[in-house]
Every structure is written in C-alpha cells, then in structure tokens.
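Only heavy atoms go into these numbers, but all of them, side chains included; no hydrogens, no water, no symmetry mates. Lettering of chains follows the sequences in order, A, B, ..., and the numbering in each one begins at 1.
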Amino acid sequence: MNLNATIIGQMIAFAIFVAFCMKYVWPPIMAALEERKKKIADGLAAAERGRHEQELAEKRAQQVIHEAKEQANEIISQAQRRGNEIVDESKDNAHVEGDRILTSAKAEIEQEANRAKDELRSLVGGVALAGAAKILSREIDDKAHTDLLEELVGRI
Amino acid sequence: MASETITSSEYIRHHLQNLTFGQHHDGSWGLAHDAQQAADMGFWSINVDSMAMTLVLGAVLMWFFRSVAKKVEAGVPSGAQNFAEWVIDFINDSVRGSFSGRSALVAPLAFTIFLWVFLMNLMDLLPIDLVPEIAKFIGSNVFGMDPHAVFFKVVPSTDPNVTFGMAFGVFALVLFYSIKMKGLGGFVGELTLQPFGKWAIPANFLLEGVNLISKPISLALRLFGNMYAGEMIFILIAIMFSAGAVMASLGGLLQVGWAIFHILIITLQAFIFMTLTVVYLDMAHQEHH
C-alpha cells in the first residue's frame, strides 16, 4: 500500500483512455443519438403536416362535393326547364299542325263539295234537258234550246 | 483460501500486498518478495497488478464501446448498441444535470470514469482467491517465482495509487479549466479574496486552499476507503471458510449477503466519483460559486 510511481502510470492511462473515449467512442454514438432524435422529430413533424394536409384535402373534397351537388341541381333544373319547354313547343307545334291539317281538310272538303255541286249542276241540267226533250219531243230543236238550258244550269 | 501453512494474518497481509516492481537495495531491478522490500523500493516502483488490471479493464471497456461506435446506426438499435446507448444516455443525462457549461470533454470524461471505476470495483465480486491463485499458478510455474511472493490485488480501486492517479488527473483538469475560464488572476483572486475580502488574504487562502486541495483527496480517499473496507470484509469472510463447517456455512451466507450489498456500493462509488468530477469541473467553469 505504498504510494509509488503507479500513481503516474494511472494518470497516464487515465488520460489515454479519456482521450480515446473523447475521440473515438463518444462522438459517433452521440451523433447517432442526435440523428435519431432528429429523425423522430422530423417524422413527427411530417405526420403533423400529413394530418394537416389531410384535413385540408377533406375540406376541399367537401367543397368539391358541394359544388358538384349544386351543379347537378342546376343541370337537373335546367333539364327540367328544357323538358318543359320542349313539351310546350311540341304542344304548340301539334296545335299548329292540327290547325293546318284541319284547314287543309276543310279546304279539300269544300273543294270536293264544289266539284260535287258542279257535277250535280251538270247532271241536273242534263236531266232537265232530257225531261224537257221528252216533254217537248217534237218541235223543239236541241240546238235552239241549249243556250237557254245552259243559262238555267248556270243559275242553279 | 487460507492453506494450513499460513496464519490468518499472513493470509490477510498477502491479500493486501501489491505485486511491486522496482529497484532492490542491492541495485538490481525486480519484483518485491515481501511487504518490507516493496516499501523499501520507494517512490520509483510500480504496482504491476494494479497497472495490469486497470489497463486490461480499460482496454476491454474501450474495445467494447469502440466496437459499438464503429457500427452505430441511427435506425433501430440492437443488442450491444442498445446497452451502450442506455449507458451513454444515462451518463449524458447526469452530466447535463450537473454541468451547466458546454464542453466536449466532460461527458466522455464522466463516461470513462464511471465505467472504468465500476469495472475496477466489480473485480471485488470475483471470488477473492480466484485471480490470486491463478496468478500464483502462472507465477510459480511459468516464471519460476516463489509462490508466496506472488502477490496479486485484484481490485485496483483498493490501491490508493489508482484512486489518487485518477483524482489527480481530475484535479489537473479542474486547475486547467479554472485558469482557462477565469484567467490566472481570476483564479488566484478566487483563492485569496474570498470569502472575507482583501484584508484577510491569509485566512482566505487557507480556507480556499483547503477547499481546493480537499477535492482530489476526498475523491481518491472516498473510493479507496470504501473499496478497501469492502475488500477487507470479503477477506475476513474468506477466513471463516477455514474455521469449521458451522463457521464456513455462516461465512457462505455472509458472503452472499455482503456481495449483494456490495453491488450497490460499487455502483454507487463509481457514480459518486463521476458526479463529483462533473461538479468540480462545473465549479471550475463558473465565475463565482
């Protein structure tokens, strides 16, 4: 238990070990610990950012959905309006067409009636002429009385 | 274990004697064969066992942590890195707790002190005769020495040279940082102008000088005293083993009890040495305390 040069040896060994530790052991491990700390902090920040972005995206999605709904409603109401318009238009068209058909039919009927009248007139004229010929079979000249008869027919 | 041929006091003395290398009276260099020869060697001799144990322990410590540091990764740690990180985190936290300045030295210093001292103290938990018997075997069979002259103190921290060596190392750092931080004038002023002002310089110097000197002395003696006493108790318990079956079994119980208690002491002493070092260096860094 004498104090001797071991004390100097110890101081040297102590200094060497501390220097070694300070140079080769402590810094790399501390650097790794710091790096991990930073990584974790970054990860947490990224997660926070991600959550924030998700919130924003959700909000935007909601907005888009809202807009889409409004647009859809507008389109639907437009379509309804257009449909109504089309129905109204076709109703009008139908009316016009009906009127037109009616008018043309009426015209045709009238024409037909006129023709029938004309035919009837000529027939009546012939019949009257025949009757008159039968009544006045002798002395009556066809030619002399045709003018008279035509005048008669024209008056019918 | 005490053999039949030596008495208890011889056994104790044998265990408390370092293997000392130095210059004999006749001028030749060699190992001391007994305590008297070791004492006669004077200051310029060296305790081979203490040096060997501390160097081996320090080398193992540095090798282990260096091997971790070489393949350290910031990702998920595994195995040895887990353990190393746990230790380093613990030391880093306690350094930050008591050291307010910024220094690249203090944390590695604290780390080295804590683990090195812890390993030295841990040697106390080895069976008390294991390493000395191995040393005796190697010494007598390989080097042809007298078996009774092969001393081997396993626990380096029971050698005051070791504890004083470390304490003086710390003290040198305290002086260095005191002068670096406050300047030579500031340091001398701190030693002489407190606490009573400039009219009581001798009294101040006496108080502050004692305060300063007591730092390394208390560091070294606290560790040495605790470990020496613990080692002594292990030796005394070991003597019981050769005193009959009843004493031996009682000694076995005591041995286990003391060893378990000693786990606390060796850790605590290493931690105290480290913490006080950090505190002293913190005081050296501060202007006024």
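- Using cut-offs of 30° and 60° on the angle between ring planes, the pair Phe168(B) and Phe164(B) is tilted.
- Neither the backbone nor the side chain of Ile16(A) comes within contact range of chain B, judged by heavy atoms closer than 4.5 Å.
- Interface check for chain B: of the options Ala32(A), Ala19(A), Ala5(A), the most heavy-atom pairs under 4.5 Å are formed by Ala5(A).
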### Query
Yes or no on salt bridge (Lys or Arg N to Asp or Glu O under 4.0 Å) for Asp93(B) and Arg96(B), after CA distance, side-chain angles and deciding distance?
CA-CA 5 Å; Asp93(B) 278 352; Arg96(B) 278 175 187 213; 5.9 Å; no
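- Ring planes of Phe17(A) and Trp116(B): perpendicular class, angle over 60° (limits at 30 and 60°).
- Around OH of Tyr24(A), the count of heavy atoms belonging to other residues, nucleotides or ligands within 6.0 Å does not exceed 12.
- Note on Gly75(B), Ala84(B), Ser50(B), Gly42(B): by heavy-atom pairs under 4.5 Å with chain A, the leading option is Gly75(B).
- In the model, Ser100(B) has a side-chain atom that pairs as donor or acceptor with a side-chain atom of Asp282(B) under 3.5 Å.
- Neither the backbone nor the side chain of Ala172(B) has a heavy atom closer than 4.5 Å to any heavy atom of chain A.
- In this structure, the portions of Val170(B) lying under 4.5 Å from any heavy atom of chain A include both its backbone and its side chain.
- Proximity to chain A (any heavy atom under 4.5 Å) is restricted, for Thr20(B), to the side chain, taken from C-beta onward.
- Both the backbone and the side chain of Ala13(A) come within contact range of chain B, with heavy atoms under 4.5 Å apart.
- Using a 4.5 Å cut-off between heavy atoms, Pro77(B) touches chain A through backbone and side chain atoms alike.
- Residues Gln10(A) and Thr54(B) bring a donor and an acceptor atom of their side chains to less than 3.5 Å of each other.
- Contact tally against chain A (heavy-atom pairs below 4.5 Å) for Ile88(B), Val72(B), Thr163(B): the top residue is Ile88(B).
- Contact count against chain A (heavy-atom pairs under 4.5 Å) is highest for Gly58(B) among Gly58(B), Ala35(B), Gly169(B), Ser67(B).
- Atom CD of Glu108(A) has 12 or fewer neighbouring heavy atoms from other residues, nucleotides or ligands inside a 6.0 Å radius.
- Ranked by heavy-atom pairs shorter than 4.5 Å toward chain B, the options Arg36(A), Glu34(A), Met30(A) are led by Arg36(A).
- Options Ala38(B), Ala59(B), Ala74(B), Ala69(B) differ in how many heavy-atom pairs under 4.5 Å they form with chain A, and the most are formed by Ala74(B).
- In the model, Asn84(A) has no side-chain atom that pairs as donor or acceptor with a side-chain atom of Gln80(A) under 3.5 Å.
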